[in-house]
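Report on the structure given below.
Residues: numbered from 1 along the sequence shown. We use all heavy atoms of the structure for the numbers below, so side chains are in, but hydrogens, waters and symmetry mates are not. Atoms within each ligand, like the ligands themselves, are counted from 1 in listed order.
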Amino acid sequence: MTSYEITDLVKRIDERGSLVVVESMRDIAFDVKRIYYIFDCKSSESRGFHAHRNLRQFAICLKGSCDFIMDNGKKRDEVHLDDPSKGITIEPWIWHEMHNLSDDCLLIVLASELYDESDYIRDYKTFIDEVNL
Ligand code: T46
């Protein structure tokens, strides 16, 4: 049982450099309503520590690197992201944490819904109780 999926995005490389495309309903399985990005990171400061009830997300580490913990309540995986042509899908009901964000880390996240704090489960015991219902 896996708790995450890594997508290899196609790199269009030519003498000018590289270009990567992410298209809704083609490269990712949802329409994008919101984009946010995380930068100016401190490697000592971890982020995340929550799951979502409905939100679907796709995260790409455009620069630098970071480690994602992906936990579906039964299995906890660690995923290292350091390639702007790879994205990780964060489905609902996956507890996720981001650790070891490099100083130059630039993490962009494409999200299926507008921001809604009530969609977050920020307490791990509540997550475990609800995910196992
Ligand atoms: C996630 C991981 C991968 C907003 O006001 N609007 C937004 O769209 C977002 C994403 C955040 N915020 C506010 C809420 C907090 O006051 O920005 C502040 C920092 O957010 P948070 O502590 O939730 O950041 P992370 O890095 O722990 O989590 C974020 C996303 O919130 C979350 O959905 O899955 O990145």
Side-chain angles (χ1 to χ4, degrees):
M1 177 191 291
T2 179
S3 57
Y4 66 95
E5 187 181 338
I6 298 289
T7 300
D8 285 307
L9 300 162
V10 175
K11 263 197 251 183
R12 274 93 173 169
I13 306 171
D14 61 30
E15 61 286 354
R16 298 167 299 174
S18 301
L19 185 152
V20 173
V21 182
V22 183
E23 288 185 293
S24 292
M25 309 310 295
R26 290 187 175 175
D27 303 294
I28 54 174
F30 56 86
D31 281 322
V32 177
K33 285 198 184 149
R34 176 168 55 106
I35 297 171
Y36 61 90
Y37 40 95
I38 294 169
F39 59 103
D40 284 351
C41 301
K42 292 185 179 61
S43 57
S44 55
E45 298 291 337
S46 296
R47 309 187 65 106
F49 297 92
H50 57 252
H52 289 283
R53 292 190 163 83
N54 291 308
L55 187 69
R56 304 180 78 182
Q57 301 190 98
F58 186 75
I60 308 163
C61 189
L62 291 179
K63 199 170 165 213
S65 62
C66 63
D67 296 325
F68 269 78
I69 296 290
M70 303 292 280
D71 178 344
N72 63 8
K74 293 194 167 61
K75 191 166 180 286
R76 201 171 161 87
D77 294 306
E78 184 170 329
V79 182
H80 184 67
L81 282 190
D82 63 357
D83 181 340
S85 67
K86 286 187 193 303
I88 187 166
T89 299
I90 310 169
E91 294 288 4
W93 298 103
I94 299 293
W95 180 268
H96 49 285
E97 302 169 9
M98 294 101 87
H99 299 281
N100 305 318
L101 296 103
S102 62
D103 292 350
D104 61 345
C105 179
L106 170 56
L107 188 67
I108 190 164
V109 184
L110 315 182
S112 65
E113 306 298 332
L114 302 181
Y115 179 69
D116 174 9
E117 182 57 38
S118 71
D119 187 65
Y120 287 68
I121 304 168
R122 293 192 183 270
D123 174 66
Y124 190 70
K125 186 180 178 311
T126 305
F127 164 70
I128 290 295
D129 289 347
E130 293 194 22
V131 81
N132 290 323
L133 280 181

Closer than 4.0 Å and a protein heavy atom, does any atom meet both conditions relative to [atom]?
atom                    : result
atom 16 (O) of ligand 1 : no
atom 9 (C) of ligand 1  : yes
atom 20 (O) of ligand 1 : no
atom 3 (C) of ligand 1  : yes

task = For T7 and V22, run side-chain contact (heavy atoms from CB on, under 4.5 Å): C-alpha distance rounded to whole Å, both residues' side-chain angles, the deciding distance at 0.1 Å, then the answer.
result = CA-CA 10 Å; T7 300; V22 183; over 6 Å; no

request  = Using side chain to side chain contact (heavy atoms under 4.5 Å, CB included) as the criterion, point out the one residue from I28, I60, V21 that pairs with L9.
outcome  =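 Single pass found, and it is I60.
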
request  = Can you sort out which atoms of ligand 1 are near M98, meaning under 4.0 Å from one of its heavy atoms?
outcome  =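 Close to M98: 2 (C), 3 (C), 26 (O), 35 (O).
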
ask   = Which atoms of ligand 1 have any heavy atom of Q57 under 4.0 Å away?
value =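 Selected atoms, number and element: 1 (C), 33 (O), 34 (O).
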
Worked check of salt bridge (charged side-chain N to carboxylate O under 4.0 Å, His left out) between E113 and R53 = CA-CA 11 Å; E113 306 298 332; R53 292 190 163 83; over 6 Å; no

inquiry  = Check for me, please, whether W93 and W95 land in the same ILVMFWY cluster - side-chain distances under 4.5 Å, paths through other members count.
reply    =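 Both belong to a single hydrophobic cluster.
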
Return the [atom1] to [atom2] distance between [X] and [Y], rounded to the nearest 0.5 Å.
X   : Y    : atom1 : atom2 : answer
M70 : I6   : CE    : CD1   : 7.5 Å
Q57 : Y36  : CD    : OH    : 3.5 Å
S46 : L101 : OG    : CG    : 7.0 Å

message = Under the rule for salt bridge (Lys or Arg N to Asp or Glu O under 4.0 Å), what residues qualify as partners of E45, not counting sequence neighbours?
response =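 With neighbours one apart ignored, the set is empty.
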
Quick one: nearest non-hydrogen protein atom to [atom], plus distance?
atom                    : value
atom 28 (O) of ligand 1 : H50 CE1, 3.3 Å
atom 30 (C) of ligand 1 : Y36 OH, 3.2 Å
atom 33 (O) of ligand 1 : H52 NE2, 2.8 Å

key: side-chain hydrogen bond (donor to acceptor under 3.5 Å, both in side chains) partner of K75, chosen from D71, D77, N72   =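 Output: one option passes, namely D77.
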
task = Please determine if G48 has a nitrogen or oxygen closer than 3.5 Å to a nitrogen or oxygen of ligand 1.
result =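 N/O-N/O distance below 3.5 Å exists for this pair.
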
message = Quick check: Y115 and ligand 1, any N/O pair under 3.5 Å apart?
response =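 No, no N or O pair falls under 3.5 Å.
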
If you measure from each non-hydrogen atom of [X] to ligand 1, which part falls under 4.0 Å: side chain, backbone, both or neither?
X    : answer
E117 : neither
Y120 : side chain
L107 : neither
R122 : side chain

ask   = Would you call F127 and F49 a side-chain contact if the rule is heavy atoms closer than 4.5 Å?
value =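 No, too far: nothing below the 4.5 Å cut-off.
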
